[in-house]
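Worksheet: the structure to be examined is printed underneath.
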Amino acid sequence: NEIKIFCPATIANLSCGFDVLGLCLETAGDEMIIRKSDIKGIRITKIVGADLPLETEKNVAGVSALAMLEAIETEFGFEIEIYKHIKAGSGIGSSAASSAGAVFGINELLGRPFTRKELVQFAMQGEKLASGNAHADNVAPALLGGFTLVRSSNPLDIIKIESPSELYATVVHPQIELKTSDARSVLKQTVSLKSAIIQWGNVGGLIAGLYTKDYDLIGRSLHDEIVEPLRSVLIPGFDLIKKTALENGALGSGISGSGPSIFALSKGKETADKIANAMSSVYDAMNLPYEIHVSKVN
Ligand code: HSE
């Protein structure tokens with residue numbers, strides 16, 4: 001009647017895949033306890049680690065859970081306790097972790113009436129509340145694990161992408177808050193054909209590289225022609241962190257989701273740790289507080 005779950009952090013976009021690619025971090029995330037209640041509906045009973053609304057309709061976990069309960073009859077309700085470790089506005093899917101966690105946990109307590117892919121549509125309602133846009137590129141990897149592609153969001157078509165077992169992510173979060181809605185407002189609504197060609201070449205290259213375990217191809221494809229140039233100016237030390245990651249063996253590096261976190265992908269944990277140390281030195285020298293995570297991707 002009660003379940004305790006880990007709600008993973010995620011990296012969306014992965015340079016070339018704005019709003020379509022994402023991956024799940026195994027070692028960074030929140031926790032949640034969900035229990036069945038005799039009172040129908042959803043109640044958020046406790047939030048630790050963040051100043052977030054307890055009102056169900058104003059909370060991303062609450063809204064996602066309500067969307068799910070609209071799709072299925074239940075005789076009972078649910079109470080949710082949220083233990084946040086991922087900071088809001090960090091760029092590693094804080095709202096997605098809560099949205100995905102709520103629907104995953106309730107689905108387990110109901111005996112799994114929905115597949116994990118089906119849960120994505122409910123969790124997207126939390127993303128809509130958080131950023132004004134129901135993007136699935138964080139909730140899909142949070143629910144499915146590993147790498148995911150949102151081939152289409154209407155109708156929803158989510159694909160889990162194979163990835164090589166030695167792939168690691170390093171993510172550094174400079175301790176400033178960047179709202180997804182603000183990071184979206186700097187984007188242009190049109191792209192040139194020239195940029196689009198470069199971008200879809202890289203998306204195809206990245207997917208091919210992941211399936212064929214071609215690390216060089218993965219690295220060559222981790223390039224963002226469209227979004228990074230507009231958003232990177234909002235992130236302190238971005239160019240230096242990225243350069244440092246690449247000099248220390250990263251396959252590629254870019255903005256994690258809408259930032260300000262910066263990610264690097266690498267082959268093997270040793271390189272990922274080395275990159276973490278090098279990134280730390282950059283922010284130490286700038287006297288900028290940060291949090292850093294190294295995580296296996298698969
Ligand atoms: N794809 C979204 C964006 C992710 O970059 O705005 C937000 O975490």
Side-chain angles (χ1 to χ4, degrees), residues 7-25 28-30 50 52 60-61 63-64 84 86-101 120-121 123-144 147-154 156-159 161 169 171-174 176-191 195 199-200 202-203 206 222-235 238 242 252-263 291 293 295:
C7 316
T10 44
I11 299 175
N13 301 341
L14 294 152
S15 298
C16 53
F18 178 70
D19 273 3
V20 300
L21 290 177
L23 66 75
C24 180
L25 296 171
D30 300 336
L52 293 166
V60 297
V63 167
S64 304
K84 292 298 290 179
I86 315 169
K87 294 202 173 67
S90 57
I92 51 170
S94 183
S95 54
S98 296
S99 305
V120 171
Q121 58 188 318
M124 283 168 75
Q125 297 312 310
E127 293 294 72
K128 192 172 174 188
L129 176 69
S131 72
N133 178 279
H135 56 92
D137 52 344
N138 288 107
V139 290
L143 284 163
L144 301 176
F147 253 94
T148 53
L149 169 72
V150 184
R151 193 205 57 83
S152 158
S153 29
N154 190 19
L156 195 60
D157 189 0
I158 308 281
I159 296 145
I161 306 293
V171 195
V172 66
H173 172 212
I176 58 163
E177 186 181 337
L178 184 53
K179 287 202 175 72
T180 296
S181 50
D182 291 341
R184 290 183 88 87
S185 71
V186 302
L187 303 178
K188 293 192 189 123
Q189 291 305 308
T190 54
V191 295
S195 298
Q199 199 86 348
W200 59 54
N202 282 321
V203 175
L206 180 54
L222 284 169
H223 170 81
D224 180 1
E225 191 68 14
I226 295 167
V227 175
E228 187 178 292
L230 298 169
R231 280 183 172 172
S232 58
V233 293
L234 304 171
I235 303 171
F238 176 81
K242 179 172 172 168
S253 172
I255 304 171
S256 173
S258 55
S261 289
I262 303 167
F263 79 92
E291 256 175 36
H293 305 281
S295 181

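Keep in mind it's a predicted model, so treat the numbers as computed, not measured. Atoms within each ligand, like the ligands themselves, are counted from 1 in listed order.
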- Message: The test is side chain to side chain contact (heavy atoms under 4.5 Å, CB included); show your working for R231 and F238 and say whether it passes.
- Response: CA-CA 10 Å; R231 280 183 172 172; F238 176 81; over 6 Å; no
- Message: At less than 4.0 angstrom from any non-hydrogen atom of F18, what atoms of ligand 1 do you find?
- Response: 3 (C), 5 (O), 6 (O)
- side chain to side chain donor-acceptor pair (under 3.5 Å) between S99 and Q125, intermediate numbers included: CA-CA 8 Å; S99 305; Q125 297 312 310; over 6 Å; no
- Message: Would you say H135 and N133 are linked by a side-chain donor-acceptor pair, where the criterion is simply a distance under 3.5 Å?
- Response: no
- Message: As a quick check of understanding, evaluate side chain to side chain contact (heavy atoms under 4.5 Å, CB included) for L23 and F263, giving each step before the final call.
- Response: CA-CA 11 Å; L23 66 75; F263 79 92; over 6 Å; no
- Query: Counting heavy atoms only, which part of N13 comes closer than 4.0 Å to ligand 1: side chain, backbone, both or neither?
  - Reply: side chain
- Message: Please state which option from H135, E127, R184 has its nearest heavy atom closest to atom 3 (C) of ligand 1.
- Response: R184
- Note: ligand 1 atoms sitting under 4.0 Å from heavy atoms of R231 are 3 (C), 5 (O), 6 (O)
- Note on the structure: Under 4.0 Å from one or more heavy atoms of T180, ligand 1 contributes atoms 6 (O), 7 (C)
- Query: Should you measure from each heavy atom of D137, which atoms of ligand 1 turn up under 4.0 Å away?
  - Reply: 1 (N), 2 (C), 4 (C)
- Note on the structure: min-distance protein heavy atom vs atom 8 (O) of ligand 1 -> N138 OD1, 3.0 Å
- Item | Nitrogen or oxygen atoms of D19 and ligand 1 under 3.5 Å apart | yes
- Indicate the atoms forming the closest heavy-atom contact of S98 with V60, along with that distance. CB-CG2, 3.7 Å
- Message: What verdict does the side chain to side chain donor-acceptor pair (under 3.5 Å) test give for S261 and S256, after you've listed the backbone C-alpha separation in whole Å, the side-chain angles of each residue and the deciding distance to 0.1 Å?
- Response: CA-CA 5 Å; S261 289; S256 173; 5.2 Å; no
